[in-house]
Amino acid sequence: MAGVGDIKRIGSLVDAIKQKYPELVMQYHRHITDGLAMPALLSAAQAGARIFDVQEDSLCALRTFAHTERAGLF
């Protein structure tokens with residue numbers, strides 16, 4: 001699934017990037033589909049991410065994707 005990753009892996013990835021590029025302001029995007037968004041967001045924040053882009057599946061259904069509209073689904 002895009003936007004979803006193991007909590008420990010997210011923290012390690014953000015930390016590795018911040019170690020190499022300490023001045024980088026990092027954004028983390030997360031989907032809530034697996035129910036582990038809050039711990040993953042916390043892990044990313046503790047590792048140095050500063051901007052958080054989250055998506056709530058129950059609020060958007062499939063309506064946010066242009067390809068579903070072009071396909072005539074909505």
Side-chain angles (χ1 to χ4, degrees):
M1 281 191 269
V4 177
D6 175 86
I7 296 164
K8 195 179 281 190
R9 189 168 139 204
I10 296 300
S12 296
L13 177 62
V14 172
D15 182 58
I17 294 169
K18 289 297 288 184
Q19 292 294 323
K20 185 160 180 137
Y21 305 101
E23 300 302 316
L24 181 70
V25 177
M26 185 173 283
Q27 174 183 357
Y28 177 67
H29 173 84
R30 176 70 185 197
H31 289 258
I32 301 175
T33 50
D34 66 349
L36 296 173
M38 291 309 292
L41 289 165
L42 179 60
S43 180
Q46 288 174 329
R50 294 295 171 251
I51 300 170
F52 300 92
D53 174 24
V54 297
Q55 182 269 332
E56 173 52 59
D57 295 321
S58 65
L59 296 176
C60 71
L62 292 172
R63 299 181 188 274
T64 61
F65 303 106
H67 63 83
T68 58
E69 293 175 8
R70 284 193 300 271
L73 297 175
F74 295 103

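The structure displayed is predicted, hence computed values, not measured ones.
Hydrophobic clustering (ILVMFWY, side-chain heavy atoms < 4.5 Å, transitive): Phe52 and Leu36 are in distinct clusters.
Hydrophobic cluster of Leu42: no remaining members, since no ILVMFWY side chain lies below 4.5 Å from it.
Atom CZ in Arg30 sits 12.5 Å away from atom CG in Asp53 (nearest 0.5 Å).
Among all heavy-atom pairs drawn from Ala47 and Gly11, the shortest one is CB-O, 3.4 Å. Scanning all heavy atoms of the two residues, the minimum distance from Ser43 to Ile10 falls at OG-C, 4.4 Å.
The backbone N or O of Ala45 sits less than 3.5 Å from a side-chain atom of Arg50, completing a donor-acceptor pair.
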Anything under 3.5 Å between a donor and an acceptor, one on a side chain of residues 13-22, the other on a protein residue two or more places apart or in another chain? List them.
| unit_1 | atom_1 | unit_2 | atom_2 | d |
| --- | --- | --- | --- | --- |
| Asp15 | OD1 | Gln19 | NE2 | 3.4 |
| Lys18 | NZ | Pro22 | O | 3.2 |
| Lys18 | NZ | Leu24 | O | 2.4 |

